[in-house]
Amino acid sequence: MILELDCGNTFIKWRVIEAGHDRVIGSGVVGSDDELVARLKAIPRLQLRHCRLVSVRTDEETERLMASLQVHFGVVPVMVRPAERLGGVTNGYEQHQRLGLDRWMAIVGGYRLARGACLVLDLGTAVTSDLVNSDGAHVGGFICPGISMMRNQLRTHTRRIRYDDLAAERALQAIEPGRSTVEAVERGCLLMLQGFVKTQIDMAHHAFGESFTVFLTGGDAVLVQDVLPEAKVVPDLVFVGLAIACPLS
Ligand SMILES: Nc1ncnc2c1ncn2[C@@H]1O[C@H](COP(=O)(O)OP(=O)(O)OP(=O)(O)O)[C@@H](O)[C@H]1O
Ligand SMILES: CC(C)(CO)[C@@H](O)C(=O)NCCC(=O)O
Ligand SMILES: [K+]
């Protein structure tokens, strides 16, 4: 069994697959290293032989997690390293090692699945967009705040925007102009997100013409799915890239 991890800024996304079969034995999202260990220990007949991970956390945090996995499960995790080329994709950053490794894994995975030009949209703590042309050249991308960050910034930096999470959830059942603070803010942030992804589609059309694949991933992908009917929602896109970056030798 192989443990795969995508360590983001807020959550760790994990899954356990059967080596050679790609059959998923378990998967989930956890908020801490300890929670991950507990979730894994609860899997009956777990036998981890390998572990591969991608992390955008600090080296210290990532090393702590790797050490904990070694202690609890006896696996030595393999970590994705920056590269200029992988899986037919060329990193488009001026300094390739600066491109977030989760973005790198998602575009390598996207290019593999698309076998051609693609636009990769990842909606998590941050929202990222990356374009890859039909030759596999990553032409660059964009980073902006995720929806939680947008609304939290509004709440933090204004004095009169105050509401609870339940009201927030209810406000998003429609997108008419808001008639209360919670509706105005929640719907405003949602429209920013949707506007952003639609602009990315326009940009991809401009760059690639009609033939490109749109991939949507990350925890908040559902929020824009309706406005992007052409997008393929692939929650495990980062793991597709991860298998290419860290094959079992
Ligand atoms: N405590 C939780 N347990 C399980 N799932 C959760 C929990 N909290 C949030 N989630 C869900 O997990 C997903 C988190 O994925 P997401 O891609 O947003 O990760 P992130 O770590 O916030 O972002 P990033 O990887 O970009 O840093 C979301 O779908 C969210 O709704
Ligand atoms: C943008 C995030 C936070 C998305 O998870 C991550 O990919 C990251 O920390 N990237 C480093 C900066 C960059 O990609 O230019
Ligand atoms: K991510």
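Counting starts at 1 for both ligands and their atoms, following the listed order. Remember, predicted model here, so these are calculated numbers, not experimental data.
Summarising the local packing, CD of Glu84 is surrounded by 12 or fewer heavy atoms from other residues, nucleotides or ligands at distances under 6.0 Å. Crowding of Ile175 atom CD1: a count of heavy atoms from other residues, nucleotides or ligands under 6.0 Å not exceeding 12.
Annotation: the span from Phe239 atom CZ to Met105 atom CE amounts to 12.0 Å, rounded to 0.5 Å. In this structure, the separation between CZ on Arg85 and CG on Asn91 is 10.5 Å, given to the nearest 0.5 Å. Atom-to-atom distance recorded for Arg103:CZ and Ile143:CD1 is 4.5 Å, nearest 0.5 angstrom. To the nearest 0.5 angstrom, Leu48 atom CG is 10.0 Å from Ile2 atom CD1.
Within the 3.5 Å criterion, the main-chain N or O of Leu5 finds no donor-acceptor partner in the side chain of Arg52.
Every residue meeting the salt bridge (Lys or Arg N to Asp or Glu O under 4.0 Å) condition with Arg15, not counting sequence neighbours, appears here in chain and number order: Glu4, Asp236. Every residue two or more places apart in sequence or in another chain that forms a side chain to side chain contact (heavy atoms under 4.5 Å, CB included) with His21 is listed here: Glu18, Arg23.
Hydrophobic clustering of Ile, Leu, Val, Met, Phe, Trp and Tyr side chains at less than 4.5 Å, counting indirect connections, keeps Leu99 apart from Met79.
For the pair OD2 of Asp122 and OD2 of Asp102, the angle whose vertex sits at the K ion (ligand 3) is 90° to 10 degrees.
Using a 4.0 Å heavy-atom criterion, the residues that approach ligand 1 are Gly8, Asn9, Thr10, Phe11, Lys13, Val29, Gly124, Thr125, Gly218, Gly219. At a 4.0 Å heavy-atom cut-off, the residues surrounding ligand 2 are Asn9, Val56, Tyr93, Arg98, Leu99, Gly100, Asp102, Arg103, Thr128, Ile143, listed by chain and number.
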